[in-house]
Structure formats: structure tokens, C-alpha cells
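Heavy atoms only: backbone and side chains are in, while hydrogens, waters and symmetry mates are out.
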Amino acid sequence: MGIDLIFKIAAIGLLTAIINQVLKKADKEEIATLTTLAGLVIVLLMVVDLIAQLFDTLKTIFGLY
């Protein structure tokens, strides 16, 4: 869980923002909104995976089942 994850999230955010701006300039606002939503879902899935790893680590540390 190093700094590479932060860079991945930042890269997804930048790519989503660029695609969003390009689509808005091309008058495709609905598709721009969908791409922003897709980027958000991808990042949220990454964060949910990290939270699951955190809970597994806590269960292991405290010996919970």
C-alpha cells in the first residue's frame, strides 16, 4: 500500500478530468458525466479493497474470527 496507489488514484483523476473537459467542449455533456462517474467508481473500488485489507489485518492482529 505504498505511494504507488496514490499515484494510480491521481492518474485516474487526471485522466478522467481531461476526458471530461474534452467531451464537454465537444458538446457531449452526458457522456462526460458518465466518464466522471466511471472514474469515481474505479477509485471507490480501489479504496474498498484497501478497507477490506485493513479489516483482515485487524482480525489477524487481534485474533478475531
Side-chain angles (χ1 to χ4, degrees):
M1 186 189 94
I3 194 134
D4 60 332
L5 183 67
I6 294 171
F7 285 140
K8 285 180 186 178
I9 291 173
I12 291 170
L14 284 173
L15 188 63
T16 303
I18 291 169
I19 292 172
N20 187 8
Q21 290 301 317
V22 169
L23 288 171
K24 280 188 177 182
K25 296 287 183 188
D27 292 329
K28 305 284 184 182
E29 299 222 4
E30 295 87 10
I31 299 174
T33 304
L34 288 176
T35 57
T36 303
L37 186 61
L40 179 66
V41 167
I42 291 169
V43 170
L44 284 177
L45 288 174
M46 293 169 69
V47 171
V48 166
D49 186 42
L50 284 175
I51 292 172
Q53 288 177 3
L54 173 67
F55 284 134
D56 287 340
T57 303
L58 287 175
K59 285 195 309 189
T60 303
I61 289 173
F62 293 115
L64 302 173
Y65 296 104

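Follow the hydrophobic side-chain contacts under 4.5 Å out from Ile12 and you reach Leu5 in the same cluster. Two different hydrophobic clusters hold Val41 and Leu15 under the rule that ILVMFWY side chains link at heavy-atom gaps under 4.5 Å.
One finds the CD1 atom of Ile51 at 9.0 Å from the CG atom of Leu44 (value rounded to the nearest 0.5 Å). From Lys28, atom NZ reaches atom OG1 of Thr35 across 13.0 Å, with rounding to the nearest 0.5 Å. Taking CG of Leu37 as the start and CD1 of Ile31 as the end, the distance is 13.5 Å to the nearest 0.5 Å. Atom CG of Leu40 and atom CG of Leu45 lie 9.5 Å apart (nearest 0.5 Å). Within the model, atoms CG of Leu23 and CD of Gln21 stand 9.5 Å from one another, a figure rounded to the nearest 0.5 Å. One distance of note links CD1 of Ile61 with CG of Asp56; it measures 11.0 Å at 0.5 Å rounding.
Using a 4.5 Å heavy-atom threshold, the side chains of Leu50 and Leu54 count as separate.
Looking at every heavy atom in both residues, Thr16 comes nearest to Gly39 through OG1-CA, 3.8 Å.
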